[in-house]
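Read through the structure below, which is laid out as C-alpha coordinates, and then see the notes.
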Amino acid sequence: PSNERQLQLRQLPSTIRMAVTVEGTAVEMQAVKPEDPPHVMISSDGEMTPFQMELTVPDEPSVRLRLIGGMNGKLTLDRVAR
(Lines give C-alpha, C1' and ligand atoms only; values in the text may rest on other atoms or scores of the structure.)
Protein backbone atom coordinates (compact mmCIF):
# COMPACT_ATOMS: atom_id res chain seq x y z
CA PRO A 1 0.00 0.00 0.00
CA SER A 2 1.27 3.46 -0.92
CA ASN A 3 0.56 4.82 2.56
CA GLU A 4 3.16 2.52 4.15
CA ARG A 5 6.24 4.54 5.07
CA GLN A 6 8.73 1.84 3.96
CA LEU A 7 7.22 1.65 0.46
CA GLN A 8 7.00 5.36 -0.31
CA LEU A 9 9.09 6.99 -3.03
CA ARG A 10 12.29 8.63 -1.83
CA GLN A 11 14.37 11.39 -3.36
CA LEU A 12 18.11 11.53 -2.70
CA PRO A 13 19.66 14.90 -1.90
CA SER A 14 21.18 16.52 -5.00
CA THR A 15 24.64 16.21 -3.40
CA ILE A 16 24.56 12.41 -3.69
CA ARG A 17 25.44 10.64 -6.95
CA MET A 18 24.16 7.14 -7.66
CA ALA A 19 25.40 4.64 -10.24
CA VAL A 20 23.47 1.41 -10.73
CA THR A 21 24.36 -1.75 -12.62
CA VAL A 22 21.68 -4.43 -13.09
CA GLU A 23 22.81 -7.87 -14.24
CA GLY A 24 26.06 -6.33 -15.49
CA THR A 25 24.45 -3.49 -17.48
CA ALA A 26 24.65 0.18 -16.43
CA VAL A 27 21.24 1.73 -15.77
CA GLU A 28 20.48 5.29 -16.84
CA MET A 29 19.24 7.00 -13.70
CA GLN A 30 16.47 9.49 -14.28
CA ALA A 31 13.31 10.68 -12.58
CA VAL A 32 11.15 7.68 -11.76
CA LYS A 33 7.38 7.69 -11.93
CA PRO A 34 5.28 5.22 -9.90
CA GLU A 35 4.01 3.57 -13.10
CA ASP A 36 7.57 2.85 -14.39
CA PRO A 37 8.66 -0.80 -14.19
CA PRO A 38 11.29 -1.44 -11.49
CA HIS A 39 14.91 -2.09 -12.40
CA VAL A 40 15.26 -4.60 -9.56
CA MET A 41 12.57 -7.17 -8.81
CA ILE A 42 12.33 -8.84 -5.40
CA SER A 43 10.15 -11.93 -5.24
CA SER A 44 8.24 -13.26 -2.24
CA ASP A 45 10.75 -16.10 -1.80
CA GLY A 46 13.63 -13.61 -1.42
CA GLU A 47 15.17 -13.94 -4.87
CA MET A 48 16.03 -10.67 -6.57
CA THR A 49 17.52 -9.25 -9.72
CA PRO A 50 21.30 -9.07 -9.19
CA PHE A 51 22.46 -5.45 -8.95
CA GLN A 52 25.20 -3.15 -7.73
CA MET A 53 24.67 0.43 -6.59
CA GLU A 54 27.36 2.98 -5.70
CA LEU A 55 26.60 6.15 -3.79
CA THR A 56 29.15 8.97 -3.81
CA VAL A 57 29.31 12.55 -2.59
CA PRO A 58 31.53 14.47 -5.05
CA ASP A 59 32.49 17.16 -2.50
CA GLU A 60 33.51 14.54 0.08
CA PRO A 61 35.87 12.00 -1.52
CA SER A 62 35.89 9.79 1.58
CA VAL A 63 32.17 9.03 1.19
CA ARG A 64 31.61 6.15 -1.22
CA LEU A 65 29.31 3.21 -0.50
CA ARG A 66 28.57 0.12 -2.56
CA LEU A 67 25.44 -1.99 -2.11
CA ILE A 68 25.46 -5.37 -3.85
CA GLY A 69 22.31 -7.47 -4.20
CA GLY A 70 22.62 -11.12 -5.17
CA MET A 71 20.10 -13.35 -6.90
CA ASN A 72 19.67 -15.26 -3.61
CA GLY A 73 18.47 -12.08 -1.84
CA LYS A 74 21.72 -11.44 0.03
CA LEU A 75 22.64 -7.75 0.40
CA THR A 76 26.17 -6.55 1.08
CA LEU A 77 27.05 -2.96 1.97
CA ASP A 78 30.70 -1.84 1.82
CA ARG A 79 32.53 1.43 2.22
CA VAL A 80 34.80 1.73 -0.83
CA ALA A 81 38.30 3.17 -0.43
CA ARG A 82 39.27 5.87 -2.90
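All residue numbers refer to positions in the sequence shown, counting from 1. All values below come from the heavy atoms of this structure, side chains included, with hydrogens, waters and symmetry mates left out. Since the structure is predicted, the reported quantities are computational estimates derived from the model, not experimental observations.
For the residue pair Met53 and Val20, the shortest heavy atom distance occurs at CG-CG2, 4.0 Å. For Met48 against Ile42, the heavy-atom pair with the smallest separation is CB-CG1, 3.9 Å. Nearest heavy-atom pair across Thr49 and Val40 is O-CG1, 3.7 Å.
Sorted pairs that involve residues 16-26 and meet side chain to side chain donor-acceptor pair (under 3.5 Å), not counting sequence neighbours, are lacking altogether. Listed by first then second residue, pairs satisfying salt bridge (Lys or Arg N to Asp or Glu O under 4.0 Å) with a partner in residues 41-59 read Glu54-Arg64, Glu54-Arg66, not counting sequence neighbours.
A distance of 4.5 Å separates CD in Gln52 from CD1 in Ile68, rounded to the nearest 0.5 Å.
Under the 4.5 Å side-chain heavy-atom criterion for ILVMFWY residues, a single connected hydrophobic cluster contains both Val27 and Leu67.
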Atom pairs and distances, side-chain donor-acceptor, residues 69-80, under 3.5 Å, sequence neighbours left out:
unit_1, atom_1, unit_2, atom_2, d
Asn72, OD1, Lys74, N, 3.0
Arg79, NH1, Ser62, O, 3.2

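Here Thr15 pairs with Pro13 under the side chain to side chain contact (heavy atoms under 4.5 Å, CB included) rule; sequence neighbours left out.
Taking a 6.0 Å sphere around CD of Glu35, one finds it holds more than 12 heavy atoms contributed by other residues, nucleotides or ligands.
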